[in-house]
Every structure is written in C-alpha cells, then in structure tokens.
2 protein chains.
Amino acid sequence: MPRAGLDPAAVVAAGAALADEVGLHQLTMGLLAERLGVRTPSLYKHVAGQADLNQRIAALALSEAADAVGGAVQGYAGRDALAAAARAFRTFVLEHPGRYTATIGREPACPDDPLATAGRRLLDAFTAVLRGYEVAEPDVDHALRMLRSLCHGFATLQAAHGFQWSADVDESFEWLIDFADRGLRAVRP
Amino acid sequence: MPRAGLDPAAVVAAGAALADEVGLHQLTMGLLAERLGVRTPSLYKHVAGQADLNQRIAALALSEAADAVGGAVQGYAGRDALAAAARAFRTFVLEHPGRYTATIGREPACPDDPLATAGRRLLDAFTAVLRGYEVAEPDVDHALRMLRSLCHGFATLQAAHGFQWSADVDESFEWLIDFADRGLRAVRP
DNA sequence: GCCAAAAGCTAATCTTATTAACCTGTGATG
DNA sequence: CATCACAGGTTAATAAGATTAGCTTTTGGC
C-alpha cells in the first residue's frame with residue numbers, strides 16, 4: 001500500500017475545498033477521506049476529529065481572508081481602500097462559502113490559537129482602511145465593529161441566499177460601500 | 001400510558017427553547033424527546049424529521065423577531081424608530097441565539113412557506129422604519145439590505161462572541177445606530 | 001541493513017436519526 | 001352504550017457517521 005503522503009495542512013486544505021463544494025454541513029469525515037483516497041480512520045492521524053478539523057478550516061479561512069483584504073488594500077486610501085477591502089472580503093466569502101461558514105460561532109481557546117491570530121490579522125486589514133479616514137481614537141473600535149458587521153452581515157446573508165427580491169445584489173453592495181464611506185467621512189469630531 | 005398531548009406547535013416551541021439553552025448544534029431529537037417526556041420516535045408523529053424541525057424553528061424565530069421589531073417600532077418615527085427596531089432585533093437574537101441560528105442559510109421552498117411569510121413580515125417591520133427617512137424609491141431596497149446586514153451582522157457576531165477586545169459592545173451598538181441614522185438622513189437625493 | 005515512529009488499514013463501538021410494526025386511548029358515530 | 005378508526009405512543013430494527021483499538025507496513029536516520 002503506497003503512502004498517501006498526507007499531513008495536517010493537506011487534510012485541512014482538502015477539507016476546506018470540499019466544504020466550499022458541498023457545504024460545511026455536508027462535509028463528512030468519510031467524504032473527505034474518499035476525496036483524499038484514504039480510509040476514514042486515517043484522517044485521525046492528522047487531525048484530532050471533526051471539531052478540530054472545523055477549527056483548522058476556520059483558521060485557514062480567516063487567514064486567507066486577511067491576505068485577500070490586506071492585499072486588496074495595498075496602495076489605496078480612503079474610499080478606494082474601503083471599496084477594495086469590502087469587495088475583496090465579499091468575493092472571498094462568496095467564493096469560499098464553506099470555509100467561511102466554519103468561522104462562524106467558533107471562538108479561539110487561547111490567545112495564541114491560530115484562529116485568534118488569523119482573526120487579528122483580518123481585523124488589522126480593516127483597521128488599515130480606517131486610517132484613511134479621520135476617525136477619532138475613541139471611535140475607532142466602534143467603526144471597526146460597524147465595518148465588520150456590515151461586511152459579515154451582507155456577505156453571509158447573500159451566501160445564504162437571504163436576499164430574495166428585486167434589486168441587484170452587486171448594486172446594493174456598491175451602494176453600501178458608498179453609504180459607509182460617506183458615514184465615515186462624517187465621523188470626524 | 002397517558003398521552004403527552006403534544007402537537008407540532010408544542011414540539012417546535014420546545015425545540016426552539018432547547019436550542020436557545022444548549023445551542024442549535026447540540027439540539028438532538030433524543031434530547032428534545034427527553035425534555036418532552038416522550039420517546040424519540042414519537043416526535044416523528046409531529047415533525048417530519050430534524051430538517052423539518054429546524055425549518056419550523058426558523059419560521060417561529062423569524063415570526064417572533066418580526067413581532068418584536070414591529071411592536072417596538074409602533075408609535076415612533078425617524079431616529080427613534082430606527083433605534084427601537086435595531087435594539088429589539090439585537091435583544092431578540094441575544095436572548096434566542098439558538099432559534100435565530102436556525103434561520104441562517106435556510107431558504108423557503110415555495111413562496112407560501114411559513115418561513116417565507118415570516119421573513120417577509122420581518123422585512124416589512126424594517127421597511128416601516130425607512131418610511132421615517134426621505135429615502136428615494138430606488139434606494140429603498142439598498143437601504144433595507146444595508147439595515148438588515150448591519151443588524152444581522154452585529155447580532156450574530158456578538159452572539160458568537162466575535163467581539164473580543166476592549167470597547168463596550170452596547171456602546172458600539174448605540175454608535176452604530178447613530179451612524180446608520182446620520183447616513184440615512186443624508187440619503188435623500 | 002536495522003529500528004522506531006509515522007501513516008495506513010480493518011474491525012469494533014457508540015451515538016443519532018429514521019423507519020417499521022405494533023398497541024391503545026379517545027372521540028365521533030351507529 | 002358499543003364500537004371503530006385513527007392519532008399519538010411504544011419497542012425493536014436499520015443505517016449513517018464519528019471515533020477508538022489494535023495490527024501492519026512504509027520510511028527516514030543511523
């Protein structure tokens with residue numbers, strides 16, 4: 001029997017990809033094992049179980065999202081940076097619905113959990129956007145939470161087909177970016 | 001053996017309550033049956049299975065949320081209505097995290113699905129808030145999606161303990177209401 | 001070439017959901 | 001009042017998944 005040459009990273013990556021394809025809820029140890037050409041129990045040599053797998057997929061997703069948002073913002077400031085960040089985030093969620101779903105409702109055990117680190121990186125990317133606006137220090141945390149809520153809410157609602165009716169969703173998102181931009185420019189005290 | 005006197009509504013109500021207590025993910029047919037003083041298979045006389053149970057819990061949750069938001073808005077307009085609606089919504093989600101989670105990622109089968117009806121009612125409640133602002137017709141859908149994204153995003157992130165650091169979460173929410181109010185007042189064309 | 005650990009495998013166990021088959025209280029009806 | 005159909009329960013059986021135990025084999029370092 002030839003070795004499959006797996007390691008935790010490969011298992012997690014395959015799990016994340018599969019979650020994007022079939023939905024996190026349908027991601028099963030058996031299905032993942034099949035995808036990897038291996039028997040189910042073999043996966044336990046690389047991850048501790050389903051909970052651990054989900055946690056690692058979540059960390060991967062947050063890390064990738066941070067890269068996407070951070071990269072998109074490079075070289076921009078103000079409204080351009082905000083738009084780039086928001087679009088990059090939404091695109092990531094829509095292209096990777098399974099792995100992003102894994103991040104919801106999962107809290108890191110310790111502060112040096114990879115999940116916490118990745119979350120912090122994503123937050124930093126959004127913090128950078130705020131530097132282009134003259135937001136006073138005491139408002140920064142609030143503005144950050146607002147941005148996060150807006151992006152997370154919109155992206156998850158759309159990924160879940162939560163917007164059913166008429167108007168074009170892309171157009172709504174651009175409207176929303178505009179709304180946030182105007183609001184942030186008005187925050188200066 | 002005395003009859004338990006169950007019906008679908010009672011089963012769904014108990015399921016929703018249990019989901020709030022232990023988390024939707026930990027809501028199991030066996031646990032729910034135990035709570036109702038009945039054997040597991042008996043539940044299938046009232047709901048078609050776990051998927052059906054979740055769908056019904058989701059419909060209940062959306063309906064209750066619509067009542068809460070709709071009721072809170074009564075008699076208010078403009079900023080007051082917005083604040084009342086947003087607070088009522090967030091309170092509902094925080095007090096009923098399990099049943100609200102059931103609404104995420106669930107789409108109604110047909111347009112007369114109770115889930116669809118309840119969702120529409122919740123939307124109507126938010127639409128009423130917008131009437132207090134002079135939002136032009138083509139912007140109404142966008143503004144509605146913005147409000148929904150904000151409230152949904154903030155509430156779910158908080159329910160999932162997604163806000164870890166410093167600033168007070170209640171304070172952030174009030175800041176966010178203010179932000180939305182100022183933005184909506186500026187939307188008039 | 002030898003050895004220990006890593007990476008697979010099969011078989012077994014446990015938890016849950018779901019279905020099948022059966023039983024019985026209860027309310028409508030003759 | 002007797003009875004009868006059925007709604008609402010029951011136990012037993014089936015199936016899917018996760019996880020664990022114990023065995024085997026490859027493989028990298030000596």
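Chain identifiers are assigned alphabetically (A, B, ...) following the order of the sequence lines, protein sequences preceding nucleic acid strands; residue numbering begins at 1 within each chain.
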task: Please round to the nearest 0.5 Å and tell me the distance separating atom CG of Leu82(A) and atom CG of Leu130(A).
output: 8.5 Å
- request: Supply the atom-to-atom distance Arg87(B) CZ to Cys151(B) SG, rounded to the nearest 0.5 angstrom.
  value: 11.5 Å
query: If every non-hydrogen atom of Asn54(A) is compared with every non-hydrogen atom of Ala102(A), which pair is closest and at what distance?
result: O-CB, 4.0 Å
- prompt: Are OP1 or OP2 of dA6(C) and a side-chain N or O of His46(A) less than 4.0 angstrom apart?
  reply: no
Taking only nitrogen or oxygen atoms into account, show me every contact under 3.5 Å that the protein makes with nucleotides 18-22 of chain D, one pair per line with its distance.
| residue | atom | partner | partner atom | Å |
| --- | --- | --- | --- | --- |
| dA18(D) | OP1 | Thr28(A) | OG1 | 3.1 |
| dA18(D) | OP1 | Met29(A) | N | 3.3 |
| dA18(D) | OP1 | Gln50(A) | NE2 | 2.6 |
| dA18(D) | OP2 | Thr28(A) | OG1 | 2.8 |
| dA18(D) | OP2 | Met29(A) | N | 3.0 |
| dA18(D) | OP2 | Gly30(A) | N | 3.4 |
| dT19(D) | OP2 | Tyr44(A) | OH | 2.9 |
| dT19(D) | OP2 | Gln50(A) | N | 2.9 |
| dT19(D) | O5' | Tyr44(A) | OH | 3.4 |

- request: Determine yes or no for a side-chain-to-main-chain donor-acceptor pair under 3.5 angstrom, with Arg182(A) supplying the side chain and Gly183(B) the backbone.
  value: no
query: Salt-bridged, Asp181(B) to Arg185(B), with N to O below 4.0 Å?
result: yes
- prompt: dA17(C) P sits how many Å from Asp52(B) CG, rounded?
  reply: 14 Å
statement: Between CG of Leu53(B) and P of dA17(C) the distance, given in whole Å, is 10 Å
- prompt: Going by number, which of residues 6-21 of chain B have a non-hydrogen atom under 4.0 Å from DNA chain D?
  reply: Leu6(B)
- prompt: Atom CG of Leu43(B) and atom P of dG8(D): how far apart are they, to the nearest Å?
  reply: 13 Å
field: Side-chain touch Leu157(A)/Arg145(B), heavy atoms, less than 4.5 angstrom
entry: no
field: Flag, side chain of Arg148(B) to backbone of Phe126(B), donor-acceptor distance under 3.5 Å
entry: no
task: Using the ring of Phe173(A) (Phe, Tyr or Trp, six-membered ring only), decide whether Arg90(A) places NZ or CZ under 6.0 Å from its centre and within 45 degrees of its axis.
output: yes
- request: Determine the interplanar angle of the His142(A) and Trp175(B) rings, folded into 0 to 90°, and report it as parallel if under 30°, tilted if 30 to 60°, perpendicular if over 60°.
  value: tilted
Under-3.5 Å N/O pairs linking protein and nucleotides 13-15 of chain C:
none

query: How are the rings of Phe92(A) and Tyr100(A) set to each other: parallel, tilted or perpendicular (split at 30° and 60°)?
result: perpendicular
